[in-house]
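Here is the structure we will look at.
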Number of protein chains: 2
Amino acid sequence: MLINELSKRTGITAHTIRFYEKSGLIKGKRYENVKSNNYYHYDEDTVEKLELIRDAKSVGFTIHEISQLIDAWYNNKMTVTEKLSILDEKLLSIDERIKQLKEMKKLISHFKKDVLTDNC
Amino acid sequence: MLINELSKRTGITAHTIRFYEKSGLIKGKRYENVKSNNYYHYDEDTVEKLELIRDAKSVGFTIHEISQLIDAWYNNKMTVTEKLSILDEKLLSIDERIKQLKEMKKLISHFKKDVLTDNC
DNA sequence: TACAAGTATAGACTATACTCTAATGTTGTT
DNA sequence: AACAACATTAGAGTATAGTCTATACTTGTA
């Protein structure tokens, strides 16, 4: 599929998809037998990758971290041990974030209590 | 206290503190009776605010969101209802983030399973 | 008093992550 | 053939959040 279809299927603009391509997150293919243009062609895996990018971004992962995740998912040059090491590291960082968010919840709940007691 | 002490107590550089001052997150006071300089003086509340800024930043809040939090905490011009509305909104967004993080954990655990089954 | 250390300001610079524009070429439809 | 729609590239611009430099003035210490 060409970039326009990929964009429609993922809801990510062609501009941003090209930015991800330049950043190395996804890889389109150019067919050698087509000489008239140099259009990129994308497969179903790329749709999945873009969905992962969107989800991972929404929880605060950087492009660099997402790039590591995609490698752990698709890169055939990495060993199982390397992949697991990256995935475990990400799981730990997620747990840390959840912990911090829960602390922030407590703090904000304290604010609420203060607001209610100081003003009523 | 002057900026250097504030910096030492919070671990935030003077540069960054001045950036927060410019961004409206904190407010130093200048004493009119001192004519020889125009140094900013900070109080204990500012220390607390900077600690809040650091914590809130670590969970991914933007300067703008933190500014709202500080208003809900310290601004005397806001009504109780307005403050509670902001705090409740932040609590909801935190819950949403925790939910997304848990989904991401599930996804990464799936990756782990795939890595283990595909390669052993 | 000399001089190091502290303070303020403007503005330049960096990094991340886009977002957009312009120029140019290709493809598809009528 | 004409023309809209699509594709690529380079490079400029934007927003966020700092980070650093240069200049200049003030304060504290030997």
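Residue numbering restarts at 1 for every chain, and letters A, B, ... go by the order of the sequence lines.
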Margin query: Measure CG/A/Leu2 against P/D/dA5 and give the value in whole Å, please.
Written below: 17 Å
Margin query: Counting only side-chain heavy atoms from C-beta out, which of D/dT8, D/dA7, C/dT26 sits nearest to A/Asn38?
Written below: D/dT8
Note to self: Could you tell me how far apart B/Asn4 (CG) and C/dA4 (P) are, to the nearest whole angstrom?
What the structure shows: 17 Å
Check: Is any side-chain N of the basic residue among B/Arg9 and B/Glu44 closer than 4.0 Å to the acidic one's carboxylate O?
Finding: yes
Check: Can you find a pair of side-chain heavy atoms, one from A/Gln100 and one from A/Met104, that are under 4.5 Å apart?
Finding: no
Check: Just wondering, do B/Ile17 and B/Thr10 contact through their side chains at under 4.5 Å, heavy atoms?
Finding: yes
Next item on the list: Would you mind building the protein contact string for nucleotides 15-23 of chain D? One character per nucleotide, 5' to 3', B for base within reach (heavy atoms under 4.0 Å), S for sugar-phosphate only, - for untouched.
Entry: --SBBBB--
Check: B/Tyr42 OH to C/dG6 C1': how many Å, rounded?
Finding: 13 Å
Item checked: Heavy-atom side-chain contact between A/Trp73 and A/Glu48 under 4.5 Å -> yes
Margin query: What is the distance, to the nearest angstrom, from the CD1 atom on B/Ile3 to the C1' atom on D/dC25?
Written below: 16 Å
Notebook entry, point to check: Between D/dG28 atom P and B/Glu5 atom CD, what is the distance in whole Å?
Noted result: 13 Å
Next item on the list: Output yes when at least one side-chain N/O atom of B/Tyr40 is less than 4.0 Å from OP1 or OP2 of C/dT9, else no.
Entry: yes
Next item on the list: Decide whether A/Asp43 and A/Thr46 meet the rule of one side-chain donor and one side-chain acceptor closer than 3.5 Å.
Entry: yes
Check: Just to confirm, is there a sub-4.0 Å distance from OP1 or OP2 of C/dT7 to any side-chain nitrogen or oxygen of B/Arg18?
Finding: no
Next item on the list: Using ring pair (Phe, Tyr, Trp, His ring centres under 6.0 Å) as the criterion, list what pairs up with A/His41, not counting sequence neighbours.
Entry: A/Tyr31
Next item on the list: Mind calculating the distance between OH (A/Tyr39) and C1' (C/dT24) to the nearest angstrom?
Entry: 11 Å
Check: Quick one: is B/Asn37 getting a side-chain N or O under 4.0 Å of the D/dT27 phosphate, OP1 or OP2?
Finding: yes
Checklist line | Any donor-acceptor N or O pair under 3.5 Å, side chains B/Asn4, B/Ser7 | finding: no
Next item on the list: Could you state the atom-to-atom distance from OH of B/Tyr31 to C1' of D/dT26 in whole Å?
Entry: 18 Å
Item checked: Among D/dT27, C/dT26, D/dA7, the one nearest A/Ser36 by side-chain distance -> C/dT26
Margin query: What is the distance, to the nearest angstrom, from the CD atom on A/Glu21 to the P atom on D/dA10?
Written below: 13 Å
